Amino acid sequence: MSKSIQIVWFKRDLRLRDHAPLAEASCRNEPTVLLYIIEPMLINDPHFDIRHWRFITQSITDLNEQLSAKGACITLVIGNAEQAFASIAKQFTIARVLSYEEVGLDNTYQRDKRLKAWFNGHGIDWLEFANGGVTRGLNNRRNWKQQWHDYLRRPVDDPALEALQVIEPESLGTPLSLSNAVKVHHLDDTTDIISSLNALTAPAQTFQPGGEKRAWYTLNHFLAERGIRYAQQISSPSLARKSCSRLSPYLAWGNITPRQVLNRLNSKKSDSDWRRTVKAFSSRIQWRSHFIQKFESECSMEISPVNKAYENYPYAGALDAEPKVTAWQRGETGFPLIDACIRAVIATGYLNFRMRAMLVSFLTHHLNVDWRKGVVFLGRQFLDFEPGIHYPQFQMQASVTGTNTIRLYNPLKQALDHDKDGRFTRKWVPELAEVPDDLIHSPWKLSAMEQRLYGVELGRDYPLPIIDIEQASREARDRLWSFRERDDVKREARRILSKHTIPGSPRT
DNA sequence: TGGGCTTTCCT
DNA sequence: GGAAAGCCC
C-alpha cells in the first residue's frame, strides 16, 4: 500500500494567504503536495498568450520563494490535469484533493467534469471551496448580497504554513528547470511548451509583474498615494493608469482576494480625504463579484448571447465585417482615440474601464459587428482577463442582454470629455503627435496644407475614418432600440431579470 | 458606467 | 440664452 497524501490544487489562486483549500489542508496532519498544473489545453487557448504565462510563472516563482523559506516547495507540472493526477496516483494513494471552485471557460469546466468522474472512480475526495463570495449553482439573487457580506465578514482563511508537511512526488516525466529556478515536471509531448516558457525570460517592462508580493505592494501604493483622486480620474485613459488600483490582474490570477483588499481599505474609512475613493472603489470590488456570479450562473454566455433573441440581430455579413474587424484590431480605424486605446491595450495589457466599454461599443454598434468576432481577441489583450467578468461585460456593452440600457459611446464625445488635450492619443498614435489639440481627435478635417505642416499625410501615414460616424451612430441607435421592442427580446429579458438581478434594485 | 434633442427653469 | 432635467431612441 503506497503512502497516503492529500493534494492542494492551485487553480487561478496563486497566493498563500486567504486560501481556504490550503488552510483546510494545514489543519490535517498529512503529507501534502502543493500542485500547480500548466495545461497545454490552456496554452493553446486563444484567450491567453505569452503575457498571461509570464504573469503566472512570475506568480509561481513568488510562491516558491515564500515556501522555500519554510523548507517547502510547489510541484509544477506541465501537462494535462488528468495525466498529472494519474501520475501522482502511481506513486501515492491520494486521499483527497482540495481546490477552489473555478468560474472559468468551458474547457476548464469540461475538464473538471472529467476529473470529478476520475476522482470518484479512484475513491478520491474532491473538496471544492467557494471563491470570493461567488456561489455555485445559484438560480436567483434573492440572498446574494447577504452571502457576499457574510463572505467579507468572515476572517481570512490564512493557512498554518508551519504545520503543513509539504512533499514533492519523485518523478513526473522528465524534470526540467524553468529559468526562474522553479523545477518543472513535464509530462510527455510538452517540450515545445517548456522551451517557449523558457523564452519568457526577456523582461517586459510594460506589463505588470505577477506575484502575491507584487499584489500587496500595488495595493499599499494605491492607498498610500496613487488612489486619492480615484473617483475623479477613473474615466481618463491617461490618468486612470496611475490613480486606479491596478489590482485587476492580481485579483484575476488570485494573488490577492476581494476580502483582503476590502479589509485593507478599512484603514482609510475614517480619513475624509479618502472618502470618495473608499466608496467608489469598494462598490467596484463588489460589482466585480456580481459579474463573476452572472457568468457562474449562465456560462453559456461564452458562446451565445444571454438574451437568446439576439441570435437574430442584423449584424453585418462576414464579408463586410472582416475588414472592419481587422482595422479595429490593428488600431487603424481612423478614429484617433479608438486606435490609441487598442494600441495601448495591446502594448501594456491594461486599459481603463470606460475605454474598454468604448472599444466594444464601437465594434458592435458603429461597425455593426457580431460581438463574438471581437470578444476573444480583446480578452487576450487583457493581462487581467477574467472569464467571469469579460463575457458578461462584453455582452452588456454589446447590448445583447435586452435588460441594461443601451450604451452607444460616441468616440468624439469621449475624446473631448476624457482626453481633451490629446495626451493619451498622442502617446499611442504618434503619427498625429504634431497635430494641435483642437484637431487631434478629428484629423480628417485637416486641410492638405495642415497635413504638410503637421507631418501627417492622411491615407498614407494615418487612415481616413473607415465609417461616417454620424451616420453609423444614427443607424446603430435605430437598429438597437427597434430590436429591443421585439416580443422575443422582451420575453428573454424577463427571464434574465428574474435570474440575475436583486429584486427592487434600479435597472441601469 | 450613453447621447441627442426638447423642455423647463432660472437669470 | 444658458444650465439642468426630462424624454426617447
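Below, all heavy atoms of this structure are taken into account, side chains as well, without hydrogens, waters or symmetry copies. For clarity, every value in this text was computed on a predicted model and none was experimentally measured. Every chain is numbered from 1 and lettered A, B, ... according to where its sequence line falls, protein lines coming before strand lines.
Side chains of A/R12 and A/N131: no donor on one and acceptor on the other come within 3.5 Å. Defined by atom type and a distance below 3.5 Å, a donor-acceptor pair is missing between the side-chain atoms of A/T401 and A/N307.
For the pair A/K11 and A/D112, the salt-bridge criterion is met [side-chain N within less than 4.0 Å of a carboxylate O].
Distance, A/L408 CG to B/dT1 P: 17 Å, rounded to whole Å. When rounded to the nearest whole Å, the span between CG of A/L412 and C1' of B/dG2 equals 14 Å. One interatomic measurement links the two molecules: NZ of A/K413 to C1' of B/dT1, which rounds to 12 Å at whole-angstrom precision. We find that CG of A/L416 is positioned 15 Å from C1' of B/dG4, with the value rounded to whole Å. If you measure from atom CG of A/D417 to atom P of B/dG4, you get 10 Å, rounded to the nearest angstrom. Atom CH2 of A/W481 is separated from atom C1' of C/dC7 by 11 Å (rounded to the nearest Å). Between A/R484 atom CZ and C/dC9 atom P there is a gap of 12 Å when expressed in whole angstrom units. Between A/E470 atom CD and C/dC9 atom P the separation is 20 Å, expressed in whole Å.
Considering only side-chain N and O atoms, A/R477 lies nowhere under 4.0 angstrom from the phosphate OP1 or OP2 of B/dG2. In terms of phosphate contacts, A/Q397 brings no side-chain nitrogen or oxygen within less than 4.0 Å of OP1 or OP2 of B/dG2.
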Name each donor-acceptor pair under 3.5 Å that joins a side chain in residues 466-474 of chain A to protein atoms two or more places apart or in another chain, with its distance.
unit_1: A/D468; atom_1: OD1; unit_2: A/E470; atom_2: N; d: 3.0
unit_1: A/D468; atom_1: OD1; unit_2: A/Q471; atom_2: N; d: 3.2
unit_1: A/Q471; atom_1: NE2; unit_2: A/E475; atom_2: OE2; d: 2.9
unit_1: A/S473; atom_1: OG; unit_2: A/H366; atom_2: NE2; d: 3.3
unit_1: A/S473; atom_1: OG; unit_2: A/I469; atom_2: O; d: 2.8

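The residue A/Y409 sits close only to the backbone: its heavy atoms come under 4.0 Å of sugar-phosphate atoms, none of a base. Across all strands, A/I406 comes closer than 4.0 Å to base atoms (heavy-atom distances).
Taking the ring axis of A/F353 as reference, the NZ or CZ atom of A/R284 stays within 45° of it and closer than 6.0 Å to the ring centre.
Considering only the side chain of A/N410, B/dG4 comes nearest among B/dT1, B/dG4, B/dG2.
Residue A/R284 places a side-chain atom within donor-acceptor reach of the base of B/dT1, judged by atom type and a 3.5 Å distance cut-off alone.
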